[in-house]
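Heads up: the structure comes next, in structure tokens.
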Amino acid sequence: MTVYQSDFLNVLEERGFIHQCSNMEGLDKLLKSQTTTAYVGFDCTANSLHVGNLISIMMLHWFQTTGHRPIALMGGGTTRVGDPSGKDESRKLLTPEIIETNKTGIKQAFERLLYFGEGEKDAQMADNADWLLDLHYIDFLRDVGRHLSVNQMLQRDSVRLRLEREQHLSFLEFNYMCLQAYDFVELYKNYDCRLQMGGSDQWGNIVSGVDLGRRIEGAELYALTTPLLTTASGTKMGKTAQGAVWLNETRLPAYDYWQFWRNTEDADVKRFLMRFTLLPIEEINRLGALEGAEINEAKKVLAYEATRIMRGEEAAKQAQETAEKTFEQGALADNLPTIEIAKSDLENGIGMLGLYVQAGLCASNGDARRQVKGGAIRINDKAINDERRTITQADLADGYIKLSLGKKKHILLKPA
């Protein structure tokens with residue numbers, strides 16, 4: 001393991017955050033010698049960030065913890081354009097009103113991990129709409145565009161891959177890299193920001209900003225990226241059959257958030273403890289060394305700590321207690337996710353397979369049939385082996401019907 005002069009890079013190295021850096025020796029020297037400002041940009045495409053964004057937020061947290069000033073940059077301007085990185089099609093354009101609503105929602109994700117204020121090391125929240133929306137096109141082409149190389153832009157993965165696949169890339173999206181590069185210059189001028197961080201898919205956009213800052217301002221700027229996480233089985237981190245794992249309670253209940261981390265694959269537990277909790281390294285090494293059935297204890301710690309960070313200690317305790325009652329005691333817990341079903345459907349009887357799909361427990365009727373054959377389907381804790389079974393009022397127990405898939409996924413049906 002590489003040992004650096006600066007505390008920040010040592011923390012990131014030890015916890016596995018570092019993927020690429022434009023000038024590691026120079027950045028290390030800068031961080032060691034003075035309080036430095038760094039930023040990560042977040043476009044406002046939804047009213048909540050998701051688990052895939054969490055690793056960048058954690059980088060900002062450790063940056064502040066080790067004595068520096070983080071900036072969470074809201075993409076109020078760039079969201080109107082759309083980032084082509086890692087995508088095969090154009091992003092849906094949003095209205096200014098939706099962007100503002102989304103911006104309000106995603107700000108919540110930073111409040112538990114960053115301290116905002118006016119001090120030298122206090123986190124700042126900026127919005128690139130403040131400078132991008134007032135740009136004059138001809139002035140921008142003359143003053144900024146002449147420093148941007150189309151040859152280099154065509155070689156960036158975000159552009160090159162789209163062209164190689166013969167996927168449509170609009171001129172609007174092609175300009176995204178220019179705007180993100182310009183963000184770095186503006187943040188350098190206004191905040192003395194010297195470092196931009198992000199996922200490895202943002203490398204091309206970030207180094208374009210490093211180059212633009214050198215050409216326009218003569219500034220020595222730095223790029224630092226973290227690996228895009230996949231699970232041990234090769235799936236993208238934070239994606240489930242039901243969709244993205246949202247950070248905000250309004251998009252995903254705390255119990256479901258806790259359960260996502262509890263379902264971590266054995267091979268990923270130590271990695272995720274390193275990146276997504278604030279536990280000391282010694283404790284993580286101890287938990288990561290557990291094997292066999294004991295690894296489940298490490299998964300519970302991961303689920304609790306990850307939920308506590310993003311949802312608060314009370315929500316983490318409630319989620320854990322709900323899980324213990326449901327999985328270990330077999331009780332019907334009030335905090336389980338609940339969906340409503342029309343009373344008339346229960347009176348007439350509703351097909352079990354379709355209901356499992358509707359509840360998000362199975363991806364399709366075919367998937368539900370396979371789960372029945374595998375013995376994973378349970379209704380009110382009783383195994384079901386008839387795929388033609390219907391759910392009726394007779395299945396109500398204490399006003400609910402409990403649908404289970406295996407030992408870890410449960411939904412309550414409530415007549416409405």
Side-chain angles (χ1 to χ4, degrees), residues 51 230-246 252-269 272 290-304 306-307 316 318-341 350-391 395-398 400-414:
V51 163
T230 56
T231 64
S233 59
T235 59
K236 189 174 181 180
M237 170 68 181
K239 293 290 186 181
T240 69
Q242 288 74 47
V245 180
W246 300 103
L252 187 72
Y255 174 83
D256 289 340
Y257 191 75
W258 187 96
Q259 192 62 46
F260 165 77
W261 296 104
R262 173 62 180 84
N263 290 338
T264 296
E265 297 178 37
D266 292 1
D268 290 325
V269 172
F272 289 1
L290 298 177
E291 297 179 345
E294 289 185 335
I295 195 67
N296 288 321
E297 295 306 311
K299 292 181 182 181
K300 291 177 185 177
V301 173
L302 169 62
Y304 178 84
T307 304
Q318 262 194 0
Q320 185 163 291
E321 289 171 1
T322 298
E324 288 174 352
K325 289 179 182 178
T326 304
F327 308 146
E328 298 169 15
Q329 302 170 20
L332 190 62
D334 293 334
N335 293 324
L336 282 177
T338 302
I339 64 172
E340 294 185 344
I341 184 171
I350 183 170
M352 179 187 69
L353 299 182
L355 198 52
Y356 265 73
V357 175
Q358 180 183 337
L361 292 171
C362 294
S364 64
N365 283 0
D367 179 33
R369 288 190 183 93
R370 288 189 292 273
Q371 299 293 352
V372 170
K373 291 177 182 178
I377 298 288
R378 301 175 72 87
I379 297 176
N380 293 334
D381 296 321
K382 295 180 180 179
I384 305 298
N385 55 23
D386 181 5
E387 66 182 44
R388 295 170 296 179
R389 191 188 192 286
T390 58
I391 309 296
D395 292 303
L396 286 170
D398 297 324
Y400 295 91
I401 301 171
K402 181 183 177 185
L403 305 184
S404 301
L405 180 67
K407 295 181 179 180
K408 298 179 180 179
K409 295 184 178 181
H410 308 269
I411 293 284
L412 297 182
L413 293 183
K414 178 183 177 182

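Owing to the predicted nature of the structure, the values given are computational and were not obtained by experimental measurement.
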For [X] versus [Y], what's the shortest heavy-atom pair and its separation?
X: His410; Y: Ser404; value: ND1-OG, 2.7 Å
X: Leu405; Y: Leu361; value: CD2-O, 3.0 Å
X: Lys300; Y: Arg262; value: CG-NE, 3.8 Å
X: Arg378; Y: Tyr356; value: O-OH, 2.8 Å
X: Pro337; Y: Asp256; value: CG-OD1, 3.0 Å
X: Cys362; Y: Ala368; value: SG-CA, 3.7 Å

Task: Criterion side-chain contact (heavy atoms from CB on, under 4.5 Å) on Ile401 and Leu412, from CA distance to verdict - done: CA-CA 6 Å; Ile401 301 171; Leu412 297 182; over 6 Å; no
- [ ] Step by step, work out the side-chain contact (heavy atoms from CB on, under 4.5 Å) result for Asp395 and Arg389.
- [x] CA-CA 11 Å; Asp395 292 303; Arg389 191 188 192 286; 2.8 Å; yes
Task: Derivation and outcome, side-chain contact (heavy atoms from CB on, under 4.5 Å), residues Ile379 and Leu403 - done: CA-CA 5 Å; Ile379 297 176; Leu403 305 184; 4.2 Å; yes
Open item on the list: Heavy-atom count check: over 12 atoms from other residues, nucleotides or ligands less than 6.0 Å from Asp386 CG?
Closed with: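 Atom CG in Asp386 is crowded, with more than 12 foreign heavy atoms closer than 6.0 Å.
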Drop me the distance from [X]'s [atom1] to [Y]'s [atom2], to the nearest 0.5 angstrom.
X: Glu297; Y: Leu302; atom1: CD; atom2: CG; result: 13.0 Å
X: Gln358; Y: Leu353; atom1: CD; atom2: CG; result: 13.0 Å
X: Gln259; Y: Thr307; atom1: CD; atom2: OG1; result: 9.5 Å

TODO: For the residue pair Trp261 and Tyr257, categorise the inter-ring angle as parallel (less than 30°), tilted (30 to 60°) or perpendicular (more than 60°).
DONE: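 Perpendicular, since the angle between the ring planes exceeds 60°.
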- [ ] With the side chain counted from C-beta on, respond yes when Leu413 and Leu355 share a heavy-atom pair under 4.5 Å apart, and no when they do not.
- [x]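 In short, these two side chains touch, coming nearer than 4.5 Å.
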Open item on the list: So Val372 and Arg369, do their side chains get closer than 4.5 Å, heavy atoms only?
Closed with: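 No. Closest side-chain heavy atoms not under 4.5 Å.
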Task: Asn263, Val269, Asp268, Leu290 screened by side-chain contact (heavy atoms from CB on, under 4.5 Å) with Lys299, the one that passes - done: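 Considering Asn263, Val269, Asp268, Leu290, a side-chain contact (heavy atoms from CB on, under 4.5 Å) with Lys299 is found only for Val269.
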